[in-house]
Amino acid sequence: MTVPALTHPLTPREAECLRLLARGESSKQIAHTLGLSSRSVDAYLGRARKKLGARNSTHAAVIASTAGLLSEP
C-alpha cells in the first residue's frame, strides 16, 4: 500500500478520531469519548479521509496507521 504525501497534515483532532476508529470505536463512541457531537466526529473523519485519499473512514485509519500517523502524542 502506498501512502500519499500529505499536502495538509492531519490535525491532532483528525488523528485522534482515526486512532479511536482504528481501536474499533464507532463515531458515536468517539463523540462520547472526546466530548464532541457525532456530526463533528464525522466531519473530522471526512476531512482526514480526503487528505489521505481514502475510500472510507476505515481505509483512512489503515492508511494513517501504516504511515505512522496515529502514534500517541
Side-chain angles (χ1 to χ4, degrees):
M1 171 184 298
T2 56
V3 178
L6 298 178
T7 11
H8 301 291
L10 295 176
T11 66
R13 191 59 92 180
E14 290 165 350
E16 183 67 17
C17 288
L18 285 173
R19 196 172 10 262
L20 293 170
L21 184 72
R23 290 184 185 163
E25 290 193 26
S26 67
S27 290
K28 188 175 180 177
Q29 291 169 319
I30 294 168
H32 179 73
T33 299
L34 299 178
L36 301 170
S37 71
S38 292
R39 285 183 65 144
S40 292
V41 170
D42 291 340
Y44 286 124
L45 291 173
R47 286 195 295 274
R49 209 171 36 244
K50 267 186 143 176
K51 289 177 181 181
L52 294 167
R55 292 183 298 270
N56 55 49
S57 295
T58 303
H59 187 217
V62 169
I63 292 170
S65 179
T66 301
L69 301 175
L70 301 185
S71 58
E72 295 292 327

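A donor-acceptor pair is defined here as one N or O able to donate and one able to accept, closer than 3.5 Å; no such pair exists between the side chain of S65 and the backbone of A61.
Scored by the side chain to side chain contact (heavy atoms under 4.5 Å, CB included) test, K50 finds no partners at all (sequence neighbours excluded). Residues satisfying the side chain to side chain contact (heavy atoms under 4.5 Å, CB included) test with T33, not counting sequence neighbours, are L20, E25.
Separating the SG atom in C17 from the CZ atom in R47 is a distance of 9.0 Å, to the nearest 0.5 Å. To the nearest 0.5 Å, atoms CD (E14) and CG (L69) are separated by 11.0 Å. In this structure, Y44 OH and L36 CG are separated by 6.0 Å, a value rounded to the nearest 0.5 Å. The CG atom of L45 sits 4.5 Å away from the OG atom of S57 when rounded to the nearest 0.5 Å. Distance OG/S38 to CD/Q29: 10.5 Å, rounded to 0.5 Å.
Minimum interatomic distance between L52 and A60 (heavy atoms only, all atoms of both residues): CD1-O, 3.4 Å. Nearest approach of S27 to D42, heavy atoms of both residues: OG-OD1, 3.1 Å. Residues L18 and L70 come closest through the heavy atom pair CB-CD2, 3.7 Å.
Here R13 does not pair with E16 in a salt bridge; the nearest charged N to carboxylate O distance is not below 4.0 Å.
Proximity of T11 to K51: side-chain heavy atoms (C-beta onward) are separated by under 4.5 Å at one or more points.
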